[in-house]
Amino acid sequence: MRTQPVMKFEERIAWCKEQLEDPTFPTLREFKGRNGTRAPIVGNFPVWAPQEIAHAAGALPVTIAGGGSSVEIDHADSRVQSFVCSISRSTLELGLRGYLDPIDAMVFTSICDVARNLGGVFKRNFPKIQTFYLHCPQNVSSPAAVDYFATELRRFRRAMEDFIGDGITDAAIARSVGVFNEHRTALADLYALRREHPEKISATESYLLLRASQLMPREEHTAILRSTFAELEARPTRRRDKIRVLIEGSFCEQPPWELIEAIEDAGCYIVDDDFLLGPRWYDTPVKLGEDPIRSMAEAYVKYSVTSSIRHYGDRPRADHFAHKLKENRVDGVIFCAAKFCEPALYDYVLLKDVADQAGIPHLSFEFEEKMGVFETLRTQVETFVESILLFAD
Amino acid sequence: MILKAEDLGYSSDVCGYVKNDIGLVANDMTGPFGKMAKPDLLVCTYSGCNTYIKWFEALAAHFNCPLYMFDVPFSRGPETHAADIRYMMSELKELIVLCEKITGKKYDEDKLKDILRRSREAEDLWVDILHSAKRTPSPFDAFFEAVFFMAPIYVLRGSQECVDYYRAAKAEIDARVVSGTCPIPEEKFRVVMEGPPPWPHFRTFWELFKTWGVVCVGSSYSKVGGIWDFGFRHDPERPLESLAEYSLECYTNYNLARRVEMLNRYMKEYNADALVIHSVKSCRAFSMGQADMREVFIHDLQVPTLFIESDLADPRYFSKAQLKNRIDAFFESLEHQRIVAGKTA
Amino acid sequence: MYVAGVDVGSTATKAIILDENQRIVGRGLTHTGANVIKAAERAFAQARADAKSDDYEIGFIVGTGYGRYKVPFGNTQITEIGCHGKGAHYLFPETRTILDIGGQDTKAIKISAQGEVSDFCMNDKCAAGTGRFLEASASVIGLTLDEIGDVSMRSSHPLRITNMCTVFVESEILSHLARGKKVEDVLRGVNNAIAGRSVALMRRVGLDDEITFTGGVSRNKGMVTAIEERLERRVNVSPDSQFIGAIGAALFAWERTQKKVGAS
Amino acid sequence: MISDETGKIIGRAHVATKIDLGGAAEKAVAEACRNAGIERSALAYVAATGYGRFQVEFRDLQITEMTCHAYGAHTVFPKTRSVLDIGAQNSRAMGVEANGRVRKFRMNDKCAAGAGRFMERVAKALEVELDQIGALSLKATDPTPISSICAVLAESEVINQVTEGKKVEDIICGAHYSITDRIIALLRQVGGEEEITLTGGVTKNMGMVKTLEDRLGKKVNVGPDAEFMGAIGAALLGLRRLQRVNAAAA
Ligand SMILES: Nc1ncnc2c1ncn2[C@@H]1O[C@H](COP(=O)(O)OP(=O)(O)O)[C@@H](O)[C@H]1O
Ligand SMILES: Nc1ncnc2c1ncn2[C@@H]1O[C@H](COP(=O)(O)OP(=O)(O)O)[C@@H](O)[C@H]1O
Ligand code: SF4
Ligand code: SF4
Ligand code: SF4
């Protein structure tokens, strides 16, 4: 982190991979060692946690998105059945193994039935971690939704204040929103680069960079991204004979990086995805008004990205998806849902019809964190690519 | 129906209950009970189940009709957040306006009050029936019978038929008490049941318990559409507010801690010997966390707990042989312990 | 007077005869095969022959195992969960946690100091991680069940096996071998994978000091080692480990003859 | 499979795959050359497919088995719009366009139930030879479906049925129905309406073909070369590719 030497791009990626494959959270342990109790670490289960407020409290907000393939589910099976997504099981496993010890609080939001109840399981199993549950309103067309969410956020603010034993000013929150906005802009630039020049940075590299961002201070990651762009521009590359695809369905649980690599190897440029990594939760950076809490609530209610884990009222998800297909000029869609992730599996049915109507071929499969063999998957993607490339006449 | 929905692309791993419905809708709205009408407005009130949201989104897309998402915040603790109630009341008011627009009729609060008054009456009777299971032997099976007894209070609540129904039901239970007839003639074990029944194999499932003389004295499934036995009633004097409160107080909308507390209360108040957790694959709203619940009961509360798995809608996940094996092993050891305890006592 | 227990498992059928002092005097083991009744009779006849008990009266017979209702000559039946608990308690009285890996299912059983089952968990939806899984692995590699234990112990770099499906694991193994990986490393990987699942199952009932490993798979030394490593402690394995269910059944039968427990 | 420049099949071979995938391919090609009566050096282009396609060192191109099976089926039965390939571990359903392109496909990647291995296991549990199950199944009068979805656990269920006195042919036929139902589910997901071609090892099992036809209520194509369909597709796609490469070079 702060002590890190300047790394070259490839080294950086290798470093990110190391972080990802070490389930004991070395960066967090280091942070804790350096800051002790002065700065708490506030973890959250993916998506829509008010990280800005934790940041304003001087905490390090991090996203805990499962244990990946490096942690065997050993203890968590006794708490959670096998028919739920792996992220919920492995996140619990991390806790039961003590890897989450550096974390002081954990935030869960109402993204799905599983996440909701996982909050309850956490609360019981880890009395040392303060568990916080936030209801993100689903009735976003109701005028009352923004008020309601702002109240929820204020509740969270109070909890954070209790934590640090001090007040959190609006100005501090506004400043934090600014920090996150900068990161959001940098992420948007990264995606724009991938869309226009997919040969410059592979989706695997971009993914690893983003995964690492979830466990480090925003400011630092923004700086890394900014310095990366110059390096990428200078990369000598040749565009290959690949198809442009979009990945949809892995917003919460994240696929193993090898899976993304397998898709790319099988002949795809992944030009966009719906991974809700980093604070990519809103369509645009949060528009700051007078009351920063209210601005955050508005961002969630009015312009958060369309994803399967929320209801969108009169801004239907299907239209948004159709637009995304066009904007990215894709040859194909890969629906890639976490196994047992109901929100993704339901939306697949709606979205595949959208792709059909747009005449865009699609492929779907489910993944698990613990996947180790990508052969079947590669075969499927290859077949998919062949069906587009070999018969393109 | 489930297969029909899977044809449409629904995964074999998502809620079978929903697939049943979607399959029915895709089947030109024709199910075993005849044809349903096409809706003008869909209202989704999803107490504690996000799957409902997805379900109604799919229905709305299918019918191409408006969908009102009545949002019910998840219940996080015994205390009610004022903000939750406020939010739901403003939703209800929006819904009133919407309905007025669609039906062209004015909202009539007196009529609602009447409905709630009748609801209340039915609720009182229903609670009496539930409480009757406190007797030993129990005149009423609070799971296998309750799942049928509970239907009117969910779908006909507020109507006079509903009140009449519960009056008759109550009379029947009272008669059972007098005559000493019980659903399980020789009551050997009293259990509390957590989780929904495997509908397609309901009879078989019941038989597996009946052979061991098991009566269910409490169950959580009979509370998915409202929990009244701890005192909540619809209040005609505060119509909208009590509707909002009602929505919060449904079993699936309870967080795990509250669920554990409620089951434990049943264990004690109904003098039960064991807890049976029936974990269904379909329904994560129920099943996510049940394994943790099992830990609480077995290890912390020292309650003998049987954990079995199948599904509430998809017959493919029901394996009689396996269930029988587990149920037999469990009651076999309970019985054995009783005998041993009886000897040493 | 003798008593007997017959454990009709999905894969193997076991029979045990005890004398009036609860000593094992006869054992029978046969493949269950297509005809459960025949298998039960075969195993029982073997045990009788082994006990040379042809002229003795067998006072009480308890059937257990998944085919327990098909033991035509049995007096009553008890689930294999109860029997494994009983049998393990008899051989290792200090045991509180039992792991039973049979041909088609894996069970973790918790017993009280008196040998009664107080909790159990099982994995029986799918043949993943059971004896069948090992059989399939052995057969793709071309080894017999008796060999795989020793071979796997030679491994120095166990591989990670990710597929738990008994059918798919075959192709995973083939692909490892095709890439030139060593047989022992593959087998060790298979053992580790099963051990991982089994330990997770045991954690559900709670891991206590003394653990006994029963069922046919406990005859595989490689599996025993894999589980011990995973748990970082030793587990009890009896030479009669595959018979423990049958022993338990026979003990129940003995109790019945002693009228210790009323008939059910 | 060896094809000449007009797309006519002139040589074929069939070798059982063991652990050494590359070696098996080598043997098969040598034998196919012998069968075609040509020198090995006369082969202009080799397209490899199937599970071990990357192990075929002398290949020019590798194509997945799905693309190949579909293309093979398309060449043999040009009106085919759906192809079912049921192998030992995987079942695949493919929707094919008029030019032989795979439009959509589905495979059973989660669980081995619903593939050929299921039948192998049932046959083994019943102690019947695999090549007899087809004929036996056709004699069934009262088929009993198998409810277990697991290829492995199905065995014990089969055993149970035997003890309950069910006839072997009825059990086999019931097992066929169970697989068929899973396969038809796959098929429906790719929209299996029009002409259907069945490929893969399971085509050797007439009982399976019949239950499939019963359940679908129509005939399905089973070519004499059903087992070679993948190789045919690979040969012809290879030819196409070669012609294109040559055209580009000219
Ligand atoms: N000699 C042996 N060495 C290693 N494993 C064995 C041996 N004999 C049997 N097994 C294993 O034991 C399993 C059968 O165990 P068992 O407990 O008898 O099963 P069940 O009671 O379910 O029939 C087989 O699947 C096999 O994996
Ligand atoms: N003679 C036969 N009779 C009936 N079924 C057979 C016969 N030979 C093979 N099969 C079936 O075909 C399957 C093998 O198919 P195949 O396409 O060769 O598999 P793969 O290509 O996946 O190795 C077997 O699992 C079996 O069910
Ligand atoms: S992966 Fe899907 S099911 Fe699992 S917690 Fe995330 S949204 Fe919920
Ligand atoms: S509560 Fe359970 S059964 Fe009902 S829709 Fe939700 S997930 Fe399905
Ligand atoms: S075929 Fe494999 S994955 Fe499917 S149920 Fe059986 S062992 Fe499990």
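Letters go in sequence order (proteins before strands), and every chain restarts at 1.
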Could you give all pairs that pass the side chain to side chain donor-acceptor pair (under 3.5 Å) test and reach residues 296-307 of chain B, with sequence neighbours left out?
A:Arg124-B:Asp300
Quick one: which of B:Lys324, B:Glu295, B:Gln337 has the most heavy-atom pairs under 4.5 Å with chain C, could you say?
B:Gln337
Bottom line for B:Leu334: the part with an atom under 4.5 Å from chain C's heavy atoms is neither
Below 4.0 angstrom, N of the basic side chain to O of the carboxylate: do C:Arg219 and C:Asp240 qualify?
no
Chain B contact via C:Arg204 - which portion, at a heavy-atom distance below 4.5 Å
both
Considering only heavy atoms, which portion of C:Phe120 lies under 4.5 Å from any heavy atom of chain B: side chain, backbone, both, or neither?
both
Cationic tip of C:Lys14 within the cone over C:Phe243's six-membered ring, i.e. under 6.0 Å and within 45° of the normal?
no
Should B:Arg294 and C:Asp119 count as an ion pair when the cut-off is N to O under 4.0 Å?
yes
